[in-house]
S.K.: 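The following block contains the structure, expressed as structure tokens.
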Number of protein chains: 2
Amino acid sequence: MARRSDHTREELWWLAINASRKVVEKEGLRGIRARQIARDIGYTIGTLYNLFDDLDDLIMQMNGETLDQLMQECSKVELTQNPNMDLERLVHCYLSFTHENPKLWNAIFEHKLPEDRPVPEWYSEKVSRLLALIEHALAPILSGRSDAEIHQHARILWMSLFGMTVLEGSGRLQEGETSLMLAKTLIKTYVDGLKNAP
Amino acid sequence: MARRSDHTREELWWLAINASRKVVEKEGLRGIRARQIARDIGYTIGTLYNLFDDLDDLIMQMNGETLDQLMQECSKVELTQNPNMDLERLVHCYLSFTHENPKLWNAIFEHKLPEDRPVPEWYSEKVSRLLALIEHALAPILSGRSDAEIHQHARILWMSLFGMTVLEGSGRLQEGETSLMLAKTLIKTYVDGLKNAP
DNA sequence: CTTGATATTGATCGCTGATCAATTTATTTA
DNA sequence: TAAATAAATTGATCAGCGATCAATATCAAG
């Protein structure tokens, strides 16, 4: 039966997203099932499809939520204008998050939209905002360079960190190796390279 | 009807793997369908399940084949004992492969076995052999430092390259960005950092 | 109280991965 | 050569999936 007054549309959205997150945290992306999530939030499958276009949409929104949470954490980091320190703090924050939410983080790169479906703009923007944090921290040592160059270095660092988290997530780090240690060495060496570049 | 003499078991295996590769090359992992692959090789679904435990098994074997091909390519690289040149050649070979086979490469990281199912040993070995090859070529550039240090820097570079290929494979690079360009900047900057480290 | 807009339902569709008894073929044995 | 054994192949079958949509129930406005 229709129960429009039980929850607002927004409340319903959050119920569904949180139910999805719980499933993924426990079983990974594989565990996502429309009927199960509908059941979890006390509605039927039809209502779920009234909220989301399809499962791809739901997963994208859930992943967007994960990006938002990471952004919120990283925003707390106090910047000192010392690139080495600022980056290290950001990286620590980033890696803490991925370490504490491995399955949710994995979902972000495990999930692939169908070929013909472009990544929504609102999603790309969330990613861009995270990148901007790194760019901002890098800026002081790259003051004489073009925006494009700053942007590229930020993206390189981002992708490198990303590689570490993926390999950590799939258990391919060695004994005694942590992504935090590796990332610290990466940042230190890379920033040295930027400072002393010809 | 049974046609045991049409193809040997091994021939059948290759037919199925190649059919799967073709599907993935065109449509990505999403496109893999048991019935379709069976049809493609001129047999029925039952025969496919006589060859593979399930679709996870088939995909793992297909991915193993991709790893083998990359290994074969990288093995062709002539080593000159000039670390800089060897490194560049190997990285070029690695990135060329992932660039030319983005969907197949991506399938390796998109696919996740169910939680309770361990990665087969034969698969882990393929990955390890590949990692060892790349580490070995990266290591000489860091001579003069402790083995542990060399090892760590080599792995950091490898993981960073890895992150770029994954993001490239999933279509997350920007317009005009290539993993080769990014990798060159990464390596140049990183090596600068190593040379000029305090 | 009536009307219109919206939320919700659940039966339904076409598909999927996977199973397995029955059938057909090849090989081995007598 | 003929019968017995082993192996490969089939396809009907099952439970479950994502997705759709006409019917229904509820709420808000007139």
Side-chain angles (χ1 to χ4, degrees), chain A residues 1-17 19-20 23-24 26-63 107 110-117 120, chain B residues 1-17 19-24 26-63 107 110-117 120:
Chain A
M1 315 304 161
R3 296 173 295 176
R4 184 156 60 176
S5 54
D6 275 15
H7 301 98
T8 65
R9 202 155 217 279
E10 201 192 334
E11 284 172 336
L12 227 43
W13 186 90
W14 278 106
L15 283 174
I17 292 295
S20 304
V23 170
V24 171
K26 220 179 83 180
E27 311 174 47
L29 253 193
R30 264 180 188 261
I32 291 265
R33 231 133 287 186
R35 282 173 175 82
Q36 181 59 52
I37 288 163
R39 216 175 302 133
D40 288 348
I41 66 175
Y43 285 77
T44 60
I45 192 172
T47 295
L48 198 67
Y49 277 89
N50 179 255
L51 285 166
F52 304 95
D53 297 340
D54 47 36
L55 277 197
D56 280 317
D57 182 32
L58 183 148
I59 292 167
M60 285 301 280
Q61 306 230 25
M62 181 195 67
N63 285 342
E110 260 175 56
H111 177 67
K112 252 302 232 130
L113 284 171
E115 198 72 13
D116 55 350
R117 213 159 137 187
Chain B
M1 313 302 161
R3 296 174 294 176
R4 183 155 63 174
S5 55
D6 276 15
H7 302 97
T8 65
R9 207 160 212 279
E10 201 191 334
E11 285 172 337
L12 228 44
W13 187 89
W14 278 106
L15 283 174
I17 292 296
S20 304
R21 289 169 59 87
K22 272 207 181 109
V23 170
V24 171
K26 218 178 85 179
E27 311 173 48
L29 251 193
R30 266 180 188 261
I32 291 267
R33 230 132 287 183
R35 281 173 177 82
Q36 181 60 53
I37 288 163
R39 217 175 302 132
D40 289 347
I41 66 175
Y43 284 76
T44 60
I45 192 172
T47 295
L48 198 66
Y49 277 88
N50 179 254
L51 284 166
F52 304 95
D53 296 340
D54 47 35
L55 277 197
D56 279 317
D57 182 31
L58 184 147
I59 292 167
M60 286 299 281
Q61 307 230 25
M62 182 194 66
N63 285 342
E110 264 176 51
H111 179 67
K112 275 269 188 288
L113 285 171
E115 198 72 14
D116 55 350
R117 207 156 140 190

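Below, read A as the first sequence line, B as the second, and so on, with proteins coming before strands; counting in each chain starts at 1. What's counted below: heavy atoms across the whole structure, side chains too, no hydrogens, waters or symmetry copies.
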S.K.: If you round to the nearest 0.5 Å, how far is CD1 of B:Ile41 from CG of B:Leu51?
M.R.: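 Here the rounded value is 6.5 Å.
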S.K.: Side chain of A:Thr44, heavy atoms from C-beta onward: which of D:dT10, D:dA19, C:dT9 has the nearest atom to it?
M.R.: C:dT9
S.K.: Quick one: label B:Asn50 by what it contacts on the DNA or RNA (base, sugar-phosphate, nothing), any heavy atom closer than 4.0 Å.
M.R.: base
S.K.: From B:Ser20 OG over to B:Leu48 CG, what is the distance, rounded to the nearest 0.5 angstrom?
M.R.: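 Those atoms lie 7.0 Å apart.
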S.K.: Which nucleotide in the list C:dT9, D:dC17, D:dT20 gets nearest to the side chain of A:Ile45?
M.R.: D:dT20
S.K.: Just jot down the salt bridge (charged side-chain N to carboxylate O under 4.0 Å, His left out) partners of A:Asp54, sequence neighbours excluded, or say none.
M.R.: A:Arg117
S.K.: Between atom NE2 in B:His7 and atom P in C:dA26, what is the gap in whole Å?
M.R.: 14 Å
S.K.: Expressed in angstrom and rounded to an integer, what is the separation of A:Leu48 atom CG from C:dA7 atom P?
M.R.: 15 Å
S.K.: Measure the CG-CD1 distance between B:Leu58 and B:Ile17 for me, rounded to the nearest 0.5 Å.
M.R.: 5.0 Å
S.K.: Starting from C1' on C:dT8, measure out to CG on A:Leu15 and report it in whole angstrom.
M.R.: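 A:Leu15 atom CG is separated from C:dT8 atom C1' by 15 Å.
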S.K.: Would you indicate what B:Leu51 reaches in the nucleic acid, counting non-hydrogen atoms under 4.0 angstrom: base, sugar-phosphate, or nothing?
M.R.: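 Contact class for B:Leu51: none.
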S.K.: CG of B:Asp40 to CZ of B:Arg35: how many Å apart, nearest 0.5 Å?
M.R.: 14.0 Å
S.K.: Would you mind reading off the distance between A:Leu55 atom CG and C:dC15 atom P, rounded to a whole angstrom?
M.R.: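 For the pair A:Leu55 CG and C:dC15 P, the rounded distance is 18 Å.
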S.K.: Expressed as a whole number of angstroms, how long is the span from A:Tyr49:OH to C:dC13:C1'?
M.R.: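 After rounding, the reported distance stands at 13 Å.
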S.K.: Considering every strand and a 4.0 Å limit on heavy-atom distances, what is the contact class for A:Arg35: base, sugar-phosphate, or nothing?
M.R.: base
S.K.: Nearest of C:dT16, D:dT10, C:dT9 to any side-chain atom of A:Tyr43?
M.R.: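 Looking only at side-chain atoms, A:Tyr43 lies closest to C:dT9.
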S.K.: Tell me: CG of A:Leu58 to C1' of D:dC17, nearest whole Å?
M.R.: 15 Å
S.K.: Without decimals, in angstroms, what is the distance between B:Ile59 CD1 and C:dT16 C1'?
M.R.: 13 Å
S.K.: Could you state the atom-to-atom distance from CZ of A:Arg39 to P of D:dC17 in whole Å?
M.R.: 7 Å
S.K.: So what does A:Leu12 touch, heavy atoms closer than 4.0 Å: a base, only the sugar-phosphate, or nothing?
M.R.: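 Since only primed, P, OP1 and OP2 atoms lie under 4.0 Å of A:Leu12, the category is sugar-phosphate.
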S.K.: Closest nucleotide of DNA chain C for A:Thr47 versus for B:Arg33: which of these residues is on the 5' side?
M.R.: A:Thr47
